[in-house]
Number of protein chains: 2
Amino acid sequence: MHKQDVTIYDVAREAKVSMATVSRVVNGNNNVRKSTRDRVQSVIKRLHYQPNSVAQGLASKRTTTVGLIIPDMTNMFFAELAQGINDIATIYRYSIILSSVSNELMKEEDTVQSLLNKQVDGMIYMSDRLSPAVHEVFDRTSTPVVLASTLDADGDLPSVAIDYRKAMKQALDLLYQDGKRDLAFVISDYNATINVARRIPVFENFIKEHHLGVPRIYRDVLTYDQGEKVFAQLQQEHVDGVIVSSDLAAAGIINAAKAAGVKIPEDFEVIAAGSTKISELVRPKLTCVRSPLYDIGAVAMRMLTKLMGDEDLTHRKVKLPFNLVKQETTLNQ
Amino acid sequence: MHKQDVTIYDVAREAKVSMATVSRVVNGNNNVRKSTRDRVQSVIKRLHYQPNSVAQGLASKRTTTVGLIIPDMTNMFFAELAQGINDIATIYRYSIILSSVSNELMKEEDTVQSLLNKQVDGMIYMSDRLSPAVHEVFDRTSTPVVLASTLDADGDLPSVAIDYRKAMKQALDLLYQDGKRDLAFVISDYNATINVARRIPVFENFIKEHHLGVPRIYRDVLTYDQGEKVFAQLQQEHVDGVIVSSDLAAAGIINAAKAAGVKIPEDFEVIAAGSTKISELVRPKLTCVRSPLYDIGAVAMRMLTKLMGDEDLTHRKVKLPFNLVKQETTLNQ
DNA sequence: TTGAAAGCGCTAACAG
DNA sequence: CTGTTAGCGCTTTCAA
């Protein structure tokens, strides 16, 4: 049994034309007489001919494939981004090679290089941290890259995101207006660009301006369990308002607070700086910054298609509007 | 700027060997003298040579790529499966082409065919329903396929799953032992193989054996909102024990029940027949059937690697052990 | 509107 | 241990 039984050559022979003509028909090239086209198409149907994409890729140097570098696909945040990318990719008939880099089995730069070796036409990068090694690979290649929900703080890679500074500021304002003065910021990765270059400076500045003492930052809190655990520390330090980067961790904090008999939002307010379905299904419902994740993915993919078609981008750094959704973990005036 | 500047030919010339020898070095073939190997490797390094996977694929007829057909990547259930697949794939150096078939943009059989055209070495299929059209494509190809967390009820495609009959039976027993007599089964897709061929027969049989009247089955309940909505019906029909196929929908039911002042588990018990992180973060915590999702994915991928290496499978239908995790939505004796 | 022919970059006999 | 030589299946000039 063969992987491929019928090739373009078989079609050409049966239809009594050259391979070139079959190729034209397959690729929708108009320079074919209608009668010829019909004849070829009927042979294609009769023989169940399917073009070999690998051969097409080698000959044309286009694979109609894009690479997706994602930190962790079990994180709904990224899954929703990926869904937006996927849908647009499908419309444009691009396939997606998925690389989840959560495991330590392969270095990120090797993953990216492997994508390049597969001759992807473009890549979308959504890891929070753009290491120098990865950046170097991006710089060396002519294959277009778009960042989704991430930033390239120093460089100028095209990106789609929200205004993290503004979102952080609004969240802090809300806590402050509600009378909270002992604020904390709970994050997963301190060195993620969006944290170190955006949210943290805003947070520290806010604390300073309002004379709220020392900025309290808790790191490495990403999972539900880590959220549950960090609550004890928050309570010990008498924190009464907290911004949490992941809503999964925020769910842990909320449940731990409820278990400890703490009243939310009266005595303790929580805002998630990033959100997924989870913010809707915990009780009390989570006040959160809602990014248009699906749209971020969709826009990023659309930008990539332009880049892959050698078009220019009108905007290289796109900021999409976000929403501060006031729910039950803040006083919600 | 070119996509590929240095080819195997350049390396051969610089190292003063033939392309064949370079190819041998690249592929770790042992029939190369150490000194030659070293010389070639140093040239490879100096020139930053990277093999073109597309050309390799065309020449060798192996792409070291597998296709993943997934219904909806924003469903954590599938995301966790995919993670297991991804990790094993990474170990064996396979890339993953991801096809989310949730959108209506492309028919499933076309998606599968497109994967075949890309010359994937194998496929893992995780959609709940194996349509005749898709099955036909699978039957026609010699490319190996493994089903993960799905069944091929009539056919004999290799699969990895749990014992759905047993899981359903245990869940029903638990509700019955707790004194619940007005049972219902809430599912997303009635025609999913695991439902129509496994769970539903067990449910109907149970109802009959215990003389519990007419089996109540609620369909098309998949999302959180749909779960919230279906609760009104459950209440109206005085259901006191329900098995829900998706834990996301179960979360909706629980929250709606709480909002209606219904006491869980005293007056109303809930068991999720499939579970993810969500079962842990709702309150009360959800009693659920826990499938080893990551392992199912991992085992499926391992089976696929064997098939792709032309090895035989000792077991074509693997059943992994599951757990009925008793938490707060059942009386939990 | 069509065909001939030269690759795309690599692998895999085969011969030596 | 190494090189020669055909391809893999398709696209793409270039001529006709």
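Sequence lines set the chain letters: A, B, ... in the order given, protein chains first and strands last, and positions in each chain run from 1. This one's a predicted model, so the numbers in the text were calculated from it and none came from an experiment.
Heavy atoms from other residues, nucleotides or ligands lying under 6.0 Å from NZ of B/Lys16 number 12 at most.
At the phosphate of C/dC10, neither OP1 nor OP2 sits under 4.0 Å from any side-chain N or O atom of B/Lys61. Note on B/Thr36: a side-chain N or O is less than 4.0 Å away from OP1 or OP2 of D/dT2. Between A/Thr21 and C/dT2, a side-chain N or O to OP1/OP2 separation shorter than 4.0 Å is absent. For the OP1/OP2 pair of C/dT2 and a distance below 4.0 Å, the side-chain nitrogens and oxygens of A/Ser18 include no atom meeting the criterion.
Atom CD in A/Gln50 sits roughly 20 Å away from atom P in D/dC8 (whole-Å rounding). A/Tyr9 has its OH atom 13 Å from the C1' atom of D/dG9, to the nearest Å. Rounded to an integer number of Å, the gap from B/Asn52 CG to C/dC10 P is 6 Å. Nucleotide C/dC8 holds its P atom 9 Å from the CG atom of A/Leu58, rounded to whole Å. Regarding A/Asn31, its CG atom lies at a distance of 17 Å from the P atom of D/dA15, rounded to whole Å. Taking atom CG on B/Asp38 and atom C1' on D/dC1, their separation rounds to 15 Å, with Å as the unit. Regarding B/Arg13, its CZ atom lies at a distance of 13 Å from the P atom of C/dC10, rounded to whole Å. Rounded to whole angstrom, the span from the CD atom of A/Gln119 across to the P atom of C/dC8 amounts to 14 Å.
How far CG of A/Leu98 is from CE of A/Met73: 5.0 Å, rounded to the nearest 0.5 Å. A/Ser188 OG to A/Asn75 CG: the interatomic distance, rounded to the nearest 0.5 Å, is 8.5 Å.
B/Thr63 contributes a side-chain N or O that, together with a main-chain N or O of B/Gln119, makes up a donor-acceptor pair within less than 3.5 Å.
Shown here are the salt bridge (Lys or Arg N to Asp or Glu O under 4.0 Å) partners of B/Glu136, two or more places apart in sequence or in another chain: B/Arg140.
For the 3.5 Å distance criterion, the side chains of B/Asp154 and B/His135 fail to qualify, holding no donor opposite an acceptor. Side chains of A/Ser102 and B/Gln83: a donor on one and an acceptor on the other come within 3.5 Å.
Residue contacts shown for A/Val54 are absent, as no nucleic acid heavy atom lies under 4.0 Å away.
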Which nucleotides of nucleotides 11-16 of chain C have their base under 4.0 Å from a protein heavy atom (B), which only their sugar-phosphate (S), and which neither (-), written as one string 5' to 3'?
-> BBB---

